[in-house]
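The model shown is predicted, which means the values in this text are computed figures rather than measured ones.
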Amino acid sequence: MAKELTSRSENYSQWYNDLVVKADLADNSAVRGCMVIKPYGYAIWEKMQAELDRMFKETGHVNAYFPLFIPKSFFSKEASHVEGFAKECAVVTHYRLMNDPNGKGIIVDPDAKLEEELIVRPTSETIIWSTYKTWIQSYRDLPILVNQWANVVRWEMRTRLFLRTTEFLWQEGHTAHATSQEALEETERMVNVYATFAEKFMAMPVIMGAKSANERFAGAVETYTIEALMQDGKALQSGTSHFLGQNFAKAFDVRFATKEGTEEFVWATSWGASTRLMGALIMAHSDDNGLVLPPKLAPFQVVIVPIYKQEEQLLAISEKVESIVSKLKSLGISVKYDNNDNKKPGWKFAEYELKGVPVRIAIGPRDLENGTVEVARRDTLEKQVVSMEGIELFVQKLLNDIQENIYNKAFAFRKEMTTPVETYEEFKDVLQNKGGFISAHWDGTSETEQKIKDETKATIRCIPFDQIPEEGKCVYSGNPSKGRVLFALSY
RNA sequence: CGGGGUGUAGUACAGUUGGUAGUAUGCCUGGUUUGGGACCAGGAGGUCGUCGGUUCGAGUCCGGCCACCCCGACCA
């Protein structure tokens, strides 16, 4: 029986939910707002992790691990930080359960109350900077370039698989530097790493830029972001890199002796990307037939489906497949041979399309006779019969083509969906009838941004790094502006 | 936290005026099939979310509670 997906045009949100569940990426769990990431989904996340981890290490970072729990008092040390996160923290108050003396079940042992409550980390700046205090005395101890892979908890009011879950997986980099300049360079370096990853691996074009004050991370002096555009015209913040100035060093009293013998507060950055990238990946490329994965992140890039009548035919096919598999593997191409006899070829075709496997090879008696195979590409759903001879090179090129094609497609879409506007009327019209990024002049004030948000729900996604200096008038207030910023509805 | 919805077999659902639970799919056995989600035969699987009430009798009616999902406000 078919696993029917809701179409994107019918209900985009439903389509997304259906897709995540039916492609076996993740499921809702017994715990409100928390998901189970299933093996196929987790395999994609592992691919992302592996590549990001490699890029972090290439830029000089090392991994470490800090505690899940943070003493409550740590949170009050940085004022804007606590304000940003206080409303969404899970708090541990007790450490023991007991049998309910009044009957069945178990209760929290009232005698096991913690003297100081522990916060389940929503992010680790505080626990890490309290630790850095003990690591840093001299300029010789700097820089510290640490990343951690972890889970964090943010008690969001409303959740969506991958896009916003109560618990999510991410990495958070926390670096310490002797100078403002150096920390700023680091902040920029890491947002570039994210952008490179998004474009080269996820095949997802992003716009790099700075956040406005309203959208900045709680406790940051400056937040850089990569913003991607989803197929429904909404923006998705896909990675952020923060210049924290000396805020956390001051909050946790982290000072160092300079070469000159003076004492100064340490400069900080933090940067993170989460399982939300999975949501971005899903929405960036997929269609009404299911997932479309970029070859560089697909758990397996090629699936081979045998078509046969009798056992002897399967044996003959398997023999051919074996050599194809080894040739593909020698080129570093990952491949799955699905010789499961319980499912018919047609079922497998549909299933692997749903799961977004980039290339499918079918091989049957007809092919054995002709020395050919049928190759189908997921992005365009095109099929062609090609010679078995040199198939590995054909597939290698095809995988590259697919990676490039889905990037180009997403890029063209974003271009089409980025609209410059001059008036507020136009702004509202585009927002309502077209969506996407709106490139508009803004007077630079928080008040204006807030008013636009209140009236239209659109926010400034970023002030692009490649902003062209241009005299203009704020689309809302009419006050002078020096360049355009990008507005959009966002996830 | 407001609004809406749903809890019945692994999953998705149906269940009429209240009469002792069914369909599809999946699963197990056997056989036939296999180039776009196969078919036949047999079989296993449910204290109907939970607590209470009405009743001779409750999946069904009434009340409380719980959970999850969806839509908003908050956020990555």
Side-chain angles (χ1 to χ4, degrees), chain A residues 1-6 11 13-14 16-18 21-22 27-35 83-89 104-105 122-123 152-172 194 211 214-218 223 225-228 235-242 270-280 289-290 305-311 313-314 317 338-354 360-370 372-374 376 381 383 385 453-454 457 459 461 490-491:
Chain A
M1 193 58 203
K3 294 190 196 174
E4 284 298 324
L5 274 184
T6 305
N11 184 339
S13 175
Q14 180 78 45
Y16 175 82
N17 286 332
D18 281 3
V21 172
K22 289 178 177 164
D27 234 330
N28 284 303
S29 70
V31 185
R32 189 202 77 105
C34 294
M35 65 179 164
E83 197 182 322
F85 286 104
K87 289 171 292 184
E88 52 187 40
C89 286
K104 42 199 173 210
T123 180
V152 289
V153 167
R154 295 184 189 174
W155 214 267
E156 302 287 353
M157 293 170 187
R158 203 160 110 56
T159 58
R160 296 195 66 191
L161 292 169
F162 287 119
L163 295 173
R164 182 170 299 104
T165 46
T166 301
E167 178 192 18
F168 57 96
L169 307 183
W170 77 344
Q171 58 68 218
E172 46 182 328
Y194 290 140
K211 284 291 187 189
N214 290 16
E215 298 285 319
R216 206 172 276 153
F217 175 74
T223 289
T225 178
I226 55 170
E227 296 287 326
L236 183 72
Q237 178 176 309
S238 306
T240 48
S241 183
H242 316 290
S270 69
W271 28 274
S274 70
T275 35
R276 176 178 247 204
L277 286 176
M278 293 285 295
N289 294 309
V305 177
I307 295 157
Y308 57 94
K309 290 201 199 321
Q310 303 90 23
E311 194 68 16
Q313 252 169 3
L314 177 61
I317 290 167
D338 186 353
N339 60 358
N340 182 348
D341 193 39
N342 297 331
K343 305 289 186 201
K344 285 183 66 179
W347 190 93
K348 293 177 185 175
F349 292 172
E351 181 69 8
Y352 291 114
E353 262 161 32
L354 182 60
R360 181 186 74 231
I361 296 176
I363 171 166
R366 211 188 294 158
D367 298 299
L368 287 184
E369 235 169 80
N370 303 331
T372 57
V373 295
E374 183 194 78
L381 296 172
K383 289 190 279 199
V385 175
K453 184 180 180 183
D454 293 343
K457 291 182 184 167
T459 51
R461 300 322 301 158
S490 74
Y491 276 96

Whole-Å distance between [N] [atom2] and [X] [atom1]?
X      : N     : atom1 : atom2 : value
A/N11  : B/C69 : CG    : C1'   : 13 Å
A/K348 : B/U34 : NZ    : C1'   : 9 Å
A/L368 : B/G35 : CG    : P     : 15 Å
A/D27  : B/G10 : CG    : P     : 15 Å
A/L314 : B/U33 : CG    : P     : 15 Å
A/L354 : B/G36 : CG    : P     : 18 Å
A/D341 : B/U32 : CG    : C1'   : 12 Å
A/E353 : B/G36 : CD    : P     : 12 Å

Roughly how far apart are [X] [atom1] and [Y] [atom2], rounded to 0.5 Å?
X      : Y      : atom1 : atom2 : answer
A/T159 : A/R32  : OG1   : CZ    : 6.0 Å
A/R154 : A/E167 : CZ    : CD    : 12.5 Å
A/E374 : A/K383 : CD    : NZ    : 5.0 Å
A/M278 : A/M35  : CE    : CE    : 8.0 Å

Separation of the [atom1] atoms in [N] and [M], to the nearest angstrom:
N     : M     : atom1 : value
B/G45 : B/A9  : P     : 15 Å
B/C61 : B/U6  : P     : 12 Å
B/U54 : B/G22 : C1'   : 27 Å
B/C1  : B/G37 : C1'   : 44 Å
B/A12 : B/C69 : C1'   : 15 Å
B/C65 : B/C27 : P     : 42 Å
B/G63 : B/A58 : C1'   : 15 Å
B/G46 : B/G15 : C1'   : 14 Å

> Which heavy-atom pair separates A/W170 from A/T123 by the least distance, and what is that distance?
Replying inline: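 Answer, listing the atom of A/W170 first, then A/T123: CH2-OG1, 3.5 Å.
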
> What closest approach, in Å, do A/R160 and A/T165 show between heavy atoms, and which atom pair accounts for it?
Replying inline: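 What the structure gives for the nearest pair is O-CG2, 3.7 Å.
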
Would you mind pulling out the nucleotide paired to [N], Watson-Crick or G-U wobble, both distances under 3.5 Å?
N     : result
B/G22 : B/C13
B/U6  : B/A67
B/G72 : B/C1
B/A58 : none
B/A38 : B/U32
B/C27 : B/G43

> Of the nucleotides B/C69, B/G36, B/U34, which one has an atom closest to the side chain of A/I307?
Replying inline: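 Minimum distance to the A/I307 side chain belongs to B/U34.
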
> At under 4.0 Å between heavy atoms, what does A/R32 touch on the DNA or RNA strands: base, sugar-phosphate, or nothing?
Replying inline: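 Here A/R32 touches the backbone only, sparing every base.
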
>> Counting the atoms with a prime plus P, OP1 and OP2 as sugar-phosphate, which does A/P365 contact under 4.0 Å by heavy atoms, base, sugar-phosphate, or nothing?
In response: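 The answer is base, as A/P365 lies within the cut-off (heavy atoms under 4.0 Å) of a base atom.
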
>> For nucleotides 71-76 of chain B, give me one character per nucleotide, 5' to 3': B if any protein heavy atom sits under 4.0 Å from the base, S if the only such contacts are to the sugar-phosphate, - if neither.
In response: BBBBBB

>> Below 30° counts as parallel, above 60° as perpendicular, anything between as tilted: where do the rings of A/F217 and A/H242 land?
In response: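 Correct class here is parallel.
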
> Closest nucleotide of RNA chain B for A/K309 versus for A/N342: which of these residues is on the 5' side?
Replying inline: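 Result of the comparison: A/K309.
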
> Do the charged groups of A/E353 and A/R360 touch, with an N to O distance under 4.0 Å?
Replying inline: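 Looking at A/E353 and A/R360, the cut-off is met.
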
>> I want to check one thing: is the phosphate of B/C68, taken as OP1 and OP2, less than 4.0 Å away from some side-chain N or O of A/N28?
In response: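 The answer is no; no side-chain N or O of A/N28 sits under 4.0 Å from OP1 or OP2.
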
>> OP1 or OP2 of B/G37 versus the side-chain N and O atoms of A/K344: is any pair under 4.0 Å?
In response: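 It does not, given that no N or O in the side chain of A/K344 lies less than 4.0 Å from OP1 or OP2 of B/G37.
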
> Run the side chain to side chain donor-acceptor pair (under 3.5 Å) check on A/N11 and A/T6 step by step: do they pass?
Replying inline: CA-CA 7 Å; A/N11 184 339; A/T6 305; over 6 Å; no

